[in-house]
Enquirer: 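Structure below; questions to follow.
Small disclaimer: the values here were computed from a predicted structure and weren't measured. The chains referred to below are lettered A, B, ... by the order of the sequence lines, with proteins before strands, and numbering in each begins at 1.
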There are 2 protein chains.
Amino acid sequence: MQFDADQFRSLCAEHGLAVTHQRQVIYQALMSMHDHPNPEVVYEKVRKRIPSISLATVYKNIKTFVDSGLLREVSLHHGPARLETNLDPHHHLVCIQCKTIVDLDDGDLEPVRLKKKLPRGFSVQRYSVEVIGLCKHCST
Amino acid sequence: MQFDADQFRSLCAEHGLAVTHQRQVIYQALMSMHDHPNPEVVYEKVRKRIPSISLATVYKNIKTFVDSGLLREVSLHHGPARLETNLDPHHHLVCIQCKTIVDLDDGDLEPVRLKKKLPRGFSVQRYSVEVIGLCKHCST
DNA sequence: TATTAAACGATAATTATTATCAAACGTCAA
DNA sequence: TTGACGTTTGATAATAATTATCGTTTAATA
C-alpha cells in the first residue's frame, strides 16, 4: 500500500503530474484489470473506492495517462467505423497521426506464424497485421 | 453504367436485398473510395448524387452491406476505447463475438517480415498483429 | 501558510450511431 | 399491369461515448 503509493508518487513526478487520490485510484484500478477495459468499466471499478468520483474525471485521467505514456489504447481505430470493400485477405498500414489506412497485400508479408499454442478452444478465423507509424505527409 | 446497374441487381438478388436507387448509389460510392471512409464521408459523397438522402439511410445500408458480407469494417475496435497497461511489445487475440482481448507475447509469434518495400516516406513505429476468431466461450 | 496552477465535479455540448414510425417504393403473383 | 405486402426511406428522437465548460477544491512550492 504505502509502497505502491510511493511508486505512484514518483511516476507522477517523472511525468509532471499532480498526485491526487482520484488519480491514484484510477491508475491502480487500471493496473489491476488485465482484460482491456473501456472507460465506463474503469469508472464502475473506481466508484467502489470513491463513490463520489465523476465520470469526467475518469475520462480526463485516462487521457492524461495515455498522453504521458503510462497507458495505451489497444487500437487506433476506436471512434467512428472505417469501411472497406476489399474482401480479399490483406493487411493495413496505419498512420498514427492522420489515421490514414492503406492496404497491404497478403502476399506482401511473410505469413504470420505462431510459436506457441493459443489458449484452448480459440478458433482462429484470420490474422490481421497493422504496420503502424507515420505516413510521409505527417512526418514532415 | 447499364452494366454496373445489372451487376448490382444480381448482387442484391444473391443476398435477398431490394434494389433501390439509394442503395446502388451508396454501394457505388463505397466501391469508388479506396481510402477506408467513415459513414459521414460516405454520406457526403452520396449527397452529391442524391442531395435529399438521409444520413440514417446511409448508416442503415452500410449495416446491411456489412451483414451481407459485401462490405467490411476495418477493425473490430471501433466504438468505445479499450485500454491496456502492458507497455511491452505484444499482440492480441480478439474474439469477434464478445470482443474479449487477450495479450499474446511478442515472443509467441515469429517476427513480422515484409516481402516488399513500403510506400516511400512511411516510417514504421511498430507492428500489431491481431489473431481474430471465436473464443472458447463464444464458440459454444 | 499563502499563492498559483492543476485537478475535480457537475453538467452541458458534441459526435457517432441506432431506434421509431409514417410515407413511399420494390417485389411478385394473379 | 395492378394490387397486396413486405422493405426501404426520410425525418427525427433517442442513446452512447466523449469532450468542453466553469466554478470550486486541492496540490505544489516558495
Side-chain angles (χ1 to χ4, degrees), chain A residues 5-6 8-29 36-47 49-68 70-71 73-83 99, chain B residues 5-6 8-27 29-30 36-47 49-68 70-71 73-83 99:
Chain A
D6 282 353
F8 184 70
R9 201 160 272 283
S10 41
L11 248 185
C12 285
E14 270 175 56
H15 292 91
L17 304 175
V19 179
T20 68
H21 182 51
Q22 290 86 338
R23 185 161 284 165
Q24 177 170 357
V25 171
I26 294 168
Y27 185 75
Q28 289 199 338
H36 308 79
N38 62 40
E40 195 67 35
V41 170
V42 176
Y43 175 58
E44 287 311 325
K45 173 132 193 168
V46 168
R47 235 143 64 102
R49 291 191 50 200
I50 313 177
S52 64
I53 200 167
S54 164
L55 177 58
T57 298
V58 173
Y59 268 99
K60 280 183 280 198
N61 277 290
I62 285 172
K63 195 171 195 318
T64 301
F65 291 147
V66 170
D67 290 348
S68 304
L70 275 79
L71 189 64
E73 294 183 346
V74 168
S75 165
L76 290 169
H77 305 297
H78 89 96
R82 298 290 292 273
L83 307 163
K99 306 290 163 66
Chain B
D6 282 353
F8 184 70
R9 202 160 271 282
S10 40
L11 249 185
C12 285
E14 270 175 56
H15 292 91
L17 305 174
V19 179
T20 68
H21 182 51
Q22 290 86 338
R23 184 161 285 165
Q24 177 168 357
V25 171
I26 294 167
Y27 184 75
L30 281 159
H36 309 79
N38 61 40
E40 195 66 35
V41 170
V42 176
Y43 175 58
E44 287 312 325
K45 172 130 193 169
V46 167
R47 236 141 67 102
R49 292 191 50 199
I50 313 176
S52 63
I53 200 167
S54 164
L55 177 58
T57 299
V58 173
Y59 269 98
K60 278 181 282 198
N61 276 291
I62 286 173
K63 195 172 195 319
T64 302
F65 290 147
V66 169
D67 290 348
S68 304
L70 276 80
L71 189 65
E73 294 183 346
V74 168
S75 163
L76 289 169
H77 304 298
H78 90 97
R82 298 290 293 273
L83 308 163
K99 306 289 164 65

Enquirer: Could you give the CZ-to-C1' distance, from A:Arg47 to C:dG9, as a whole number of Å?
Expert: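 It works out to 13 Å between those atoms.
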
Enquirer: In whole angstrom, give the distance that lies between atom CD of B:Gln24 and atom P of C:dC25.
Expert: 17 Å

Enquirer: C:dA6 P sits how many Å from A:Asn61 CG, rounded?
Expert: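 Going from CG in A:Asn61 over to P in C:dA6 covers 15 Å.
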
Enquirer: Does A:Gln22 place a side-chain N or O at less than 4.0 Å from the phosphate oxygens OP1/OP2 of D:dT26?
Expert: no

Enquirer: Please list, in numerical order, the residues of residues 10-20 of chain B that have a heavy atom closer than 4.0 Å to any atom of DNA chain D.
Expert: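 B:Ala18, B:Thr20, in order of number.
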
Enquirer: Reading nucleotides 11-22 of chain D from the 5' end, what letters show protein touch, with B for base, S for backbone sugar-phosphate only, - for no heavy atom under 4.0 Å?
Expert: BB----SBBBB-

Enquirer: So which pairs with a foot in residues 73-82 of chain A pass side chain to side chain donor-acceptor pair (under 3.5 Å), sequence neighbours left out?
Expert: A:Glu73-A:His78, A:His77-A:Glu130

Enquirer: NE2/B:His36 to NZ/A:Lys99 distance, rounded to the nearest 0.5 angstrom?
Expert: 15.5 Å

Enquirer: Tell me the closest heavy-atom pair linking B:Cys12 and B:Ala18, and the distance in Å.
Expert: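 Shortest heavy-atom separation between B:Cys12 and B:Ala18 comes out as SG-O, 4.2 Å.
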
Enquirer: Could you tell me the separation between the CD atom of B:Glu44 and the C1' atom of C:dT15, rounded to a whole number of Å?
Expert: 14 Å

Enquirer: Quantified as the angle between the terminal helix axes (five pairs each), what is the overall bend of the helix from C:dT1-D:dA30 to C:dA30-D:dT1 to 10 degrees?
Expert: 40°

Enquirer: With sequence neighbours excluded, what pairs up with A:His15 under the side-chain contact (heavy atoms from CB on, under 4.5 Å) test?
Expert: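 Once residues adjacent in sequence are excluded, the partners of A:His15 under the side-chain contact (heavy atoms from CB on, under 4.5 Å) criterion are A:Leu11, A:Leu17, A:Ser68, A:Leu70.
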
Enquirer: A side-chain contact here means heavy atoms from C-beta on lying under 4.5 Å apart; do A:Ile50 and A:Ser52 qualify?
Expert: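 SC-SC contact between A:Ile50 and A:Ser52 confirmed.
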
Enquirer: In whole Å, what is the span from the CG atom of A:Leu83 to the P atom of C:dA16?
Expert: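 So the two atoms are 13 Å apart, to the nearest Å.
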
Enquirer: My understanding is that only residues two or more places apart in sequence, or in another chain, count here; which of them pass salt bridge (charged side-chain N to carboxylate O under 4.0 Å, His left out) with A:Glu44?
Expert: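 Testing A:Glu44 for salt bridge (charged side-chain N to carboxylate O under 4.0 Å, His left out), a comparison that skips the adjacent residues, returns A:Arg47.
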
Enquirer: Take the protein atom CD of B:Glu73 and the nucleotide atom C1' of C:dA16, then report the distance between them rounded to whole Å.
Expert: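 After rounding, the reported distance stands at 12 Å.
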
Enquirer: If you assign each of B:Ile50 and A:His21 to its closest nucleotide in DNA chain D, which residue comes earlier from the 5' end?
Expert: B:Ile50

Enquirer: For B:Val46, check side-chain contact (heavy atoms from CB on, under 4.5 Å) against everything at least two apart and list the hits.
Expert: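 For B:Val46, the residues satisfying side-chain contact (heavy atoms from CB on, under 4.5 Å) (neighbours in sequence not counted) are B:Val25, B:Ile26, B:Ala29, B:Val42, B:Ile53.
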
Enquirer: So B:Thr64 and B:Asp67, do their side chains get closer than 4.5 Å, heavy atoms only?
Expert: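 Not in contact.
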
Enquirer: So, using ring-ring contact (aromatic ring centres under 6.0 Å, His included) as the criterion, who are the partners of B:Tyr43 when residues are at least two apart?
Expert: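 Once residues adjacent in sequence are excluded, B:Tyr43 has no partner under the ring-ring contact (aromatic ring centres under 6.0 Å, His included) criterion.
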
Enquirer: Can you give the donor-acceptor pairs under 3.5 Å from side chains of residues 56-63 of chain A to other protein atoms, not counting sequence neighbours?
Expert:
{"residue": "A:Asn61", "atom": "OD1", "partner": "A:Arg23", "partner atom": "NE", "Å": "2.6"}
{"residue": "A:Asn61", "atom": "OD1", "partner": "A:Arg23", "partner atom": "NH2", "Å": "3.2"}
{"residue": "A:Asn61", "atom": "ND2", "partner": "A:Thr57", "partner atom": "O", "Å": "3.0"}

Enquirer: Can you tell me the distance, in whole Å, between the CZ atom of A:Phe8 and the P atom of C:dA7?
Expert: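 Between P of C:dA7 and CZ of A:Phe8: 11 Å.
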
Enquirer: Hey, can you tell me if B:Tyr27 and B:Phe8 have their rings parallel, tilted or perpendicular (30° and 60° cut-offs)?
Expert: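 If you compare the ring of B:Tyr27 with that of B:Phe8, the planes turn out tilted.
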
